[in-house]
S.K.: 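Take this structure, written in structure tokens, and hold onto it; I'll ask about it next.
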Amino acid sequence: MIECSINNLVKYYGATKIFENISFELHSNERVGMIGQNGCGKTTLMKVLMGIENYHGGSISFKKGSKVGYLDQIFKCSPNTTVMEVLEKPFENIFNIKHELKASEERLKNLSGEALDAEMKNYGLLMDQFERCGGYDIETNINKVCSGLSIPDSFRERSVESLSGGEKTRVFLGKLLLENPDILLLDEPTNHLDIKSIEWLEEFLLTYNGTVFMVSHDRSFLNKVANRIIELEPTEAKVYDGNYDYYVTEKERRFELEYKAYVNNQKKIDRMEKQIERYRIWGAMRDSEVMYKRAKELEKRLEKVEVFDRPTFENSRIRLSTDKVSRSGKIVLNVKDLCKSFDNKKVLSKISFTLFYQDKLCIMGENGSGKSTLLKIILGEIQPEDGEASIGASVKLGYLPQNIIFEDEEMTTRKHSITESMARAELAKMLFIQDDVYKKIKFLSGGEKSRLKLCSLIFDKVNFMILDEPTNHLDIDSREVLEETLAKFNGTILFVSHDRYFIRKVATKIMILDKSSMKLYPMNYDDYLEERKKGTVEKPIVKNPKPAKVTPPKQPKKPNNKFKIAKVEEEIFELEGKLKNINEEMASNNDNAEKLYELFQEKESLESQLKDSYELWESLQS
């Protein structure tokens, strides 16, 4: 059943068109992921569906009586609102019934006779209504969601204003899930969630009794949850009936078909243009009206041929340089017995590990497990209570934080002392083009600041990168380029990430922080998952068999038609000569009816043969 239908939607901001011709449907119990480049209008479309923003063309229709819930990236509530008040908000009607029940209980104490019977009847109706609405399950449902999203009991009386961005995300996501709407609209639901919470959310959404429509750049999340992908582009919404991996394969297949059709279309147009030119040359050489007529016919056919646009497989993507960096020493980082506490709570306890040249180590753990604290100690931003972190010889360190702040945000995107042409060339790789290079940093979005900082780090040719959630604010295309670049990076990387797809592509080692201690897995992410299932840390030895050599089938050779074409052209010239002679004979025998009739019959036969020869000649050009 169709829960929501969007037809030819158009949206403008002022004179700027955001998108047009957007059409798709959302069906009952479907889980749809929407992807697209940053700035293509994904969040705008979500707000249009919720009625928060208007639209300028097309139509939106929801199934009658559908309840729609929306998780925004920006959270609003009254000052001093507590977390518990937010979580109880979905149950306001039930709490109103509960208050009426309490009031009825008070009235029952002072009533008798018929008034008591009437109030007892009213109390019974309220109790039935309370039970039907799930009044006895409120606390259980809240606890279930809080447990899954790692919202501790200590949070419940805190004001929402005092929470971090990640903590607010978990609280408002919890509120939305408790509302249990028919259609869930989720805008980047995995932002600020740790892997444990993401995995819980995946399982929750897989069994959710309703329709889920989500914007996400988390490819592992989309693979697990989505059964349909919609790619939003400025002029259309492309629908793929599968998860993210299916989308990648199907998009490539569609592109190959479109490109093949485009090439054939161009060949057809080129062939017709050459045929027209050839007919004109023949007409001029032989003073043949037939040839000119044939050229005109082909021109009319050419005008009716649809000209296909050249398909593009990818839009503009960032291009990160893979130039070689200077070699560091063998030991890049040595951490020994690090300890750190906050407010008498032990965050790190006896943390020790060594990072070697060309290691790519991912630090994982639940929110609050000390990942960012460990990075800050390594960077010297905070001091440990005990232990030390020492950087090795010949190390040039670069750091990409979660929240990027530049020392002088009044600066433009040109920071380094280089020529304008060099600066433009480097910035263009990160999609800063034309007047973008003169933008002041304070006017850049989070994604633009991330791209600028990455551009600066790579230009500086650092050989040791420390990255804190590097995929935050990046769209999928930019994440893929970052993965390719870091995988080829000729230095050492230490990074924190909850993006499992990114970890799988980049990490060569995994470190898990849990309850102030750590475990180091000297293996990639897939092997780590296998070890986690077995509960061991020993890396299994797997010998990969050499793939069997496959001999590609020989492509059939394209037939060479040059000889046939030459032969047909000779026939055409011969037939045209005969036609010319007949026309002259008809002119000289215009008073001999019997002779004219014979010549006319012969002319018709020759014209029919000539037409067949033309068609054969045109087909041999293909």
Side-chain angles (χ1 to χ4, degrees), residues 150 190 193-200 202 218-221 223-224 328 330-340 346-378 384 387-392 400 464-471 479 482-483 486-544:
S150 301
T190 60
L193 296 185
D194 56 36
I195 290 178
K196 182 181 177 183
S197 298
I198 293 171
E199 288 173 347
W200 178 88
E202 288 170 349
D218 187 329
R219 292 153 292 175
S220 292
F221 178 75
N223 259 343
K224 184 73 179 286
S328 68
K330 184 178 179 181
I331 295 177
V332 175
L333 173 68
N334 189 39
V335 174
K336 189 175 180 181
D337 295 333
L338 276 188
C339 297
K340 184 66 181 175
K346 185 72 76 175
V347 177
L348 301 174
S349 176
K350 299 286 183 182
I351 303 297
S352 299
F353 66 94
T354 302
L355 199 61
F356 296 97
Y357 171 63
Q358 291 191 328
D359 278 350
K360 295 178 174 68
L361 174 64
C362 176
I363 303 174
M364 297 167 58
E366 296 181 20
N367 287 337
S369 61
K371 301 183 298 295
S372 293
T373 301
L374 177 58
L375 294 188
K376 287 177 181 177
I377 291 174
I378 293 168
E388 62 175 358
S390 57
I391 303 294
L400 181 72
F464 178 31
M465 285 192 189
I466 296 181
L467 313 173
D468 195 357
E469 295 288 358
T471 57
R479 291 180 188 208
L482 181 62
E483 287 163 1
L486 295 181
K488 295 174 184 175
F489 179 61
N490 199 34
T492 308
I493 303 171
L494 177 66
F495 67 100
V496 170
S497 181
H498 294 139
D499 185 337
R500 292 158 293 173
Y501 214 95
F502 179 80
I503 298 168
R504 183 174 279 111
K505 292 280 188 178
V506 177
T508 59
K509 292 183 177 180
I510 304 292
M511 179 196 290
I512 306 298
L513 286 180
D514 182 35
K515 297 176 182 176
S516 76
S517 62
M518 59 148 280
K519 274 187 180 180
L520 186 64
Y521 295 77
M523 58 192 71
N524 62 28
Y525 185 66
D526 286 328
D527 287 344
Y528 155 71
L529 292 178
E530 289 298 319
E531 294 303 299
R532 191 175 71 169
K533 287 178 186 175
K534 293 190 287 187
T536 64
V537 294
E538 293 179 8
K539 185 175 179 181
I541 299 171
V542 179
K543 291 184 179 179
N544 294 321

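Note that the structure is predicted; figures quoted are calculated from it, not measured.
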S.K.: Could you walk me through whether K371 and H498 satisfy the side-chain contact (heavy atoms from CB on, under 4.5 Å) test, starting with their C-alpha distance in whole Å, then the side-chain angles of each, then the deciding distance to 0.1 Å, before giving a yes or no?
M.R.: CA-CA 11 Å; K371 301 183 298 295; H498 294 139; 3.6 Å; yes

S.K.: Please say whether more than 12 non-hydrogen atoms of neighbouring residues, nucleotides or ligands are located less than 6.0 Å from NZ in K346.
M.R.: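 It does: K346 NZ has more than 12 such atoms within range.
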
S.K.: Hey, what do you get for CG (L513) to OG (S349), rounding to the nearest 0.5 Å?
M.R.: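 Here the rounded value is 11.5 Å.
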
S.K.: Test of understanding: with side-chain hydrogen bond (donor to acceptor under 3.5 Å, both in side chains), list the residues that count as partners of E202, not counting sequence neighbours.
M.R.: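 Expected list: R500.
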
S.K.: Could you report the tightest heavy-atom contact between K505 and A487, atom names first, then the distance?
M.R.: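 Looking at all heavy atoms of both residues, the closest pair is O-CB, 4.2 Å.
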
S.K.: Decide side-chain contact (heavy atoms from CB on, under 4.5 Å) for L486 and F495; before the verdict, give the C-alpha distance in whole Å, the side-chain angles of both, and the deciding distance to 0.1 Å.
M.R.: CA-CA 11 Å; L486 295 181; F495 67 100; over 6 Å; no

S.K.: side-chain contact (heavy atoms from CB on, under 4.5 Å) between F502 and D218: does it pass, once the steps are laid out?
M.R.: CA-CA 9 Å; F502 179 80; D218 187 329; over 6 Å; no

S.K.: Would you call C362 and V506 a side-chain contact if the rule is heavy atoms closer than 4.5 Å?
M.R.: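 SC-SC contact between C362 and V506 ruled out.
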
S.K.: Whether the side chain of S369 engages the backbone of D514 through a donor-acceptor N/O pair (distance < 3.5 Å, no angle test) should be reported.
M.R.: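 The answer is no, because no donor-acceptor pair under 3.5 Å joins these two groups.
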
S.K.: Find out whether N524 and T508 are in side-chain contact, i.e. whether some heavy atom of one side chain is under 4.5 Å from a heavy atom of the other.
M.R.: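 No; the side chains remain at least 4.5 Å from each other.
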
S.K.: Can you see which heavy atom on I503 is nearest to which on S497, and at what distance?
M.R.: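 So the minimum-distance heavy-atom pair works out to CD1-O, 3.4 Å.
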
S.K.: Less than 4.5 Å apart, any side-chain heavy atom of M364 and any of Y528?
M.R.: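 In contact.
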
S.K.: Taking all heavy atoms of F489 and all of I493, pick out the closest pair and write down the distance.
M.R.: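 Shortest heavy-atom contact: CD2-CG1, 3.7 Å.
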
S.K.: From L193 CG over to N367 CG, what is the distance, rounded to the nearest 0.5 angstrom?
M.R.: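 It is 7.5 Å, given to the nearest 0.5 Å.
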
S.K.: For the residue pair I351 and V335, what are the closest heavy atoms and their distance?
M.R.: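 Heavy atoms only, the tightest pair is O-CG1, 3.4 Å.
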
S.K.: In the structure I gave you, are the side-chain heavy atoms of Y521 and L361 within less than 4.5 Å of one another anywhere?
M.R.: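 No, side chains not in contact.
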
S.K.: How many angstroms lie between atom CD of E469 and atom CG of L400, to the nearest 0.5 angstrom?
M.R.: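 Separation between the atoms: 10.5 Å.
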
S.K.: If you measure only the distance, is there a donor-acceptor pair under 3.5 Å linking the side chains of N334 and T354?
M.R.: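 The answer is yes; a qualifying pair exists.
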
S.K.: Minimum heavy-atom separation for L355 and L494, please, with both atom names.
M.R.: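 Taking every non-hydrogen atom into account, CD2-CB, 4.0 Å.
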
S.K.: Go through D359 and T492 one step at a time and tell me if the side chain to side chain donor-acceptor pair (under 3.5 Å) criterion holds.
M.R.: CA-CA 5 Å; D359 278 350; T492 308; over 6 Å; no

S.K.: What's the separation between atom CD1 in I377 and atom NZ in K340, rounded to the nearest 0.5 Å?
M.R.: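 Rounded to the nearest 0.5 Å, the CD1-NZ separation comes to 6.5 Å.
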
S.K.: Apply side-chain contact (heavy atoms from CB on, under 4.5 Å) to the pair D468 and S372, showing each step before the final yes or no.
M.R.: CA-CA 7 Å; D468 195 357; S372 293; 3.2 Å; yes

S.K.: CD1 of I198 to OG1 of T190: how many Å apart, nearest 0.5 Å?
M.R.: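 Those atoms lie 5.0 Å apart.
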
S.K.: Is any side-chain heavy atom of K509 closer than 4.5 Å to one of F356?
M.R.: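 Counting from C-beta outward, F356 and K509 do come under 4.5 Å.
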
S.K.: Side-chain contact test, heavy atoms from C-beta onward, threshold under 4.5 Å: evaluate it for L348 versus P384 and give yes or no.
M.R.: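 Side chain of L348 against side chain of P384, heavy atoms only: no contact under 4.5 Å found.
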
S.K.: To the nearest 0.5 Å, how far apart are CD in E366 and CD1 in I195?
M.R.: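 E366 atom CD to I195 atom CD1 measures 10.5 Å (nearest 0.5 Å).
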
S.K.: Give me the atom names and distance for the closest heavy-atom approach of R504 to S220.
M.R.: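 R504 and S220 have their closest heavy atoms at NH1-OG, 3.9 Å.
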
S.K.: I want to check something: taking the side chain as every heavy atom from C-beta on, are R532 and I512 in contact at a cut-off of under 4.5 Å?
M.R.: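 Side-chain contact under 4.5 Å: no.
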
S.K.: Under 3.5 Å, is there a donor-acceptor pair linking the side chains of D194 and S197?
M.R.: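 A donor-acceptor contact under 3.5 Å links the two side chains.
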
S.K.: Is it true that R219 and E483 have a side-chain N and a carboxylate O under 4.0 angstrom from each other?
M.R.: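 Yes, R219 and E483 are salt-bridged.
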
